[in-house]
Number of protein chains: 2
Amino acid sequence: MSGTRSFDTCASIVTPGKTPPHISALLEGWAGRYKILRNGARQITALYLPGDFIDLHSFLPTKTDDGVIAFSGCKTAQVSHESLQQITETEPRLTRLLWRSTLAAAATHREWLTIMGQMSAGAGTAHLICELYTRLKAVRLADNHRFCCPITQLTLADTLGLSTVHLNRSIQALRAKNLIQWHRDKVTITDWDQLVDWGEFDPTYLQMNEPVG
Amino acid sequence: MSGTRSFDTCASIVTPGKTPPHISALLEGWAGRYKILRNGARQITALYLPGDFIDLHSFLPTKTDDGVIAFSGCKTAQVSHESLQQITETEPRLTRLLWRSTLAAAATHREWLTIMGQMSAGAGTAHLICELYTRLKAVRLADNHRFCCPITQLTLADTLGLSTVHLNRSIQALRAKNLIQWHRDKVTITDWDQLVDWGEFDPTYLQMNEPVG
DNA sequence: CGTCTGATTGATCGAATTCAACCTCCGTGG
DNA sequence: CCACGGAGGTTGAATTCGATCAATCAGACG
């Protein structure tokens with residue numbers, strides 16, 4: 001263990017190309033993994049919410065050229081690679097639990113691939129909103145179909161592979177259908193069932209509330 | 001262990017929604033994980049080549065509603081969940097190795113997200129060709145910038161989130177630039193450097209030739 | 001107040017889809 | 001040995017979705 005660390009909005013949590021000497025879990029705030037292309041385009045490949053592991057990759061000798069950025073003020077807890085290595089030596093149950101969290105992340109990646117490859121902008125937006133609400137609710141940061149979304153439309157657009165303009169219009173279409181309200185950073189889902197239906201959202205892939213093997 | 005199993009082209013290796021009682025590795029042939037939407041659209045979320053683990057997910061209590069299909073004649077080797085469980089109890093090194101292979105899969109997912117979200121159809125196609133060649137070469141199934149690609153353009157299109165027509169035109173554009181040749185199922189990369197450049201391909205994410213931790 | 005960031009709107013452009021046809025190769029059966 | 005049929009690949013034309021460019025607007029904050 002090596003305590004906690006705080007990051008301001010837009011601060012870099014993991015610098016692209018560098019492998020940190022520890023893994024971290026997000027305690028507060030929203031963060032995201034991203035990759036930048038030559039032309040400057042940015043793809044967000046993962047959104048991290050409180051409770052998520054950020055860097056479970058790094059303790060195995062995996063190399064990545066992507067980075068992690070804080071989308072709001074963030075706090076993380078670090079665990080050194082040595083400690084984690086120790087856990088894998090002596091705690092098979094816990095190891096499987098950690099492994100399982102990386103599998104859930106991969107399942108989310110596959111879901112996003114499906115969104116980006118096959119769904120319309122509007123349906124994909126609906127799906128992502130459902131996912132965020134479900135994940136936040138699981139860690140008691142949302143309830144009553146309301147949550148606080150501290151990230152900008154630009155970030156969301158880079159997540160869904162859309163332009164800000166088009167994402168904005170997708171959101172407005174959802175508003176026009178009375179599925180959601182979105183004011184400042186407060187999102188309210190006014191018709192959960194329809195939003196789920198429109199986004200073809202099935203929370204199975206998030207692997208919540210499951211017993212540990 | 002429980003031996004090997006053979007599948008014809010188009011056979012279902014894992015039926016959507018079912019969790020098999022074992023995990024499998026692909027010994028021969030190409031296969032893929034997919035998800036179908038209500039409107040019938042299909043997204044391929046992973047391509048499995050010989051040597052790849054197909055189902056490492058399933059031995060941890062993870063649920064998925066996606067399936068795995070054989071794109072060509074395939075042969076798989078099965079390992080029961082019990083055996084694998086045993087490995088995680090007594091073989092931390094091997095456990096980390098297996099875990100690491102799931103992390104490499106996740107890294108590939110993130111790369112595909114970037115392709116689909118930010119790259120043009122042509123660049124994404126180039127990238128995928130580079131990835132396939134690199135992976136096949138690592139298992140001695142490709143060399144000299146040539147490989148055998150037993151899957152159809154429809155499958156490739158569903159992988160990249162494109163229509164067959166547009167994928168076809170992207171391929172032809174690569175041909176026109178003299179970057180590749182593609183006849184029947186034989187693909188020849190005639191200008192590797194340019195193809196890599198055009199697709200912004202960096203094989204780091206594939207995690208090959210790395211020491212095991 | 002000005003200024004800044006993020007959201008919104010309009011107009012135009014281009015990439016990718018869709019629909020429909022046609023071609024090419026190859027296996028099969030008469 | 002050749003006609004037939006089917007799967008996969010190729011092409012063209014019309015259309016649609018989403019991107020781009022450029023302004024404008026709304027609220028927060030010093």
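Numbers restart at 1 for each chain; the letters A, B, ... are given by sequence-line order, proteins then strands.
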J.: Please work out if A/G124 contacts a base, only the sugar-phosphate, or nothing of the nucleic acid, heavy-atom cut-off 4.0 Å.
T.: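 Contact class for A/G124: none.
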J.: What is the distance from CD of B/Q153 to P of D/dT11, rounded to the nearest Å?
T.: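 Rounding to the nearest Å, CD of B/Q153 and P of D/dT11 are 10 Å apart.
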J.: Remember a base hit wins even if backbone is also touched, and classify B/S163 as base, sugar-phosphate or nothing at under 4.0 Å, heavy atoms.
T.: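 Here B/S163 touches the bases of the nucleic acid.
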J.: B/F71 CZ to D/dG8 P: how many Å, rounded?
T.: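 After rounding, the reported distance stands at 12 Å.
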J.: Does B/S12 reach the side chain of B/I69, with side-chain heavy atoms less than 4.5 Å apart?
T.: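 No. Closest side-chain heavy atoms not under 4.5 Å.
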J.: For the side chain of A/R184, starting at C-beta, report the closest nucleotide among D/dG27, C/dC26, D/dG8.
T.: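 So the nucleotide nearest the side chain must be D/dG27.
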J.: With B/R33, which of B/D66, B/D52, B/D65 fulfils salt bridge (charged side-chain N to carboxylate O under 4.0 Å, His left out)?
T.: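 With B/R33 as partner, salt bridge (charged side-chain N to carboxylate O under 4.0 Å, His left out) holds for just one option, B/D66.
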J.: Does C/dA7 have OP1 or OP2 sitting under 4.0 Å from an N or O in the side chain of A/Q172?
T.: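 No, because none of the side-chain N or O atoms of A/Q172 sits under 4.0 Å from OP1 or OP2 of C/dA7.
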J.: With a non-hydrogen cut-off below 4.0 angstrom, is A/G161 in contact with a base, only sugar-phosphate, or nothing?
T.: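 Touches sugar-phosphate only.
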J.: A/L167 has an atom CG; how far is it from atom P of C/dT9, in whole Å?
T.: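 These atoms are roughly 13 Å apart.
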J.: If I take atom CD1 in residue A/I115 and atom P in nucleotide D/dG18, what distance separates them, rounded to the nearest angstrom?
T.: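 One finds 13 Å between P of D/dG18 and CD1 of A/I115, rounded.
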J.: By nearest heavy atom, map A/H183 and A/G122 onto DNA chain D; which one lands nearer the 5' end?
T.: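 With A/H183 and A/G122 compared, the 5'-side residue is A/G122.
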J.: To the nearest Å, how far apart are A/L174 CG and C/dT8 P?
T.: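 Those two atoms, CG and P, are 12 Å apart.
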J.: Contact class for A/I171 vs. all strands (heavy atom < 4.0 Å): base, sugar-phosphate, or nothing?
T.: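 Nothing: the residue A/I171, judged by heavy atoms under 4.0 Å, touches no strand.
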J.: Pick base, sugar-phosphate or nothing for B/T164, based on heavy-atom distances below 4.0 Å to the nucleic acid.
T.: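 Counting heavy atoms under 4.0 Å across all strands, no contact is made by B/T164.
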J.: For the side chain of A/N168, starting at C-beta, report the closest nucleotide among C/dT17, C/dT9, D/dG8.
T.: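 The answer is C/dT9.
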J.: In whole angstrom, what separates B/D185's CG from D/dA7's C1'?
T.: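 After rounding, the gap between these two atoms is 14 Å.
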J.: Which is true for A/R169 with a 4.0 Å heavy-atom rule: it touches a base, it touches only sugar-phosphate, or it touches nothing?
T.: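 Base: the residue A/R169, judged by heavy atoms under 4.0 Å, touches a nucleobase.
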J.: Do the side-chain N and O atoms of B/Q153 and B/T155 include a donor-acceptor pair separated by under 3.5 angstrom?
T.: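 Side chains of B/Q153 and B/T155: no pair found under 3.5 Å.
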J.: Taking the side chain of B/L162 as its heavy atoms from C-beta onward, which of C/dA16, D/dA28, D/dG18 lies nearest to it?
T.: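 The closest nucleotide is C/dA16.
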J.: Nearest whole Å is fine: how far is D/dT16 C1' from B/H166 NE2?
T.: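 In whole Å, D/dT16 C1' and B/H166 NE2 are 14 Å from each other.
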J.: Using atom CG of A/D158 as one end and atom P of D/dA19 as the other, report the distance to the nearest whole Å.
T.: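 In whole Å, D/dA19 P and A/D158 CG are 11 Å from each other.
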J.: Could you please name the option among D/dG8, D/dT20, D/dT10 that lies closest to any side-chain atom of A/V165?
T.: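 The answer is D/dT20, which lies nearest to the side chain.
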J.: Return the orientation label for the B/H127 and B/F201 ring planes: parallel under 30°, perpendicular over 60°, tilted otherwise.
T.: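 Rings of B/H127 and B/F201: perpendicular, over 60°.
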J.: Quick check on A/R140: does its CZ atom have over 12 non-hydrogen neighbours (other residues, nucleotides or ligands) under 6.0 Å away?
T.: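 No, the 6.0 Å shell around CZ holds no more than 12 heavy atoms from other groups.
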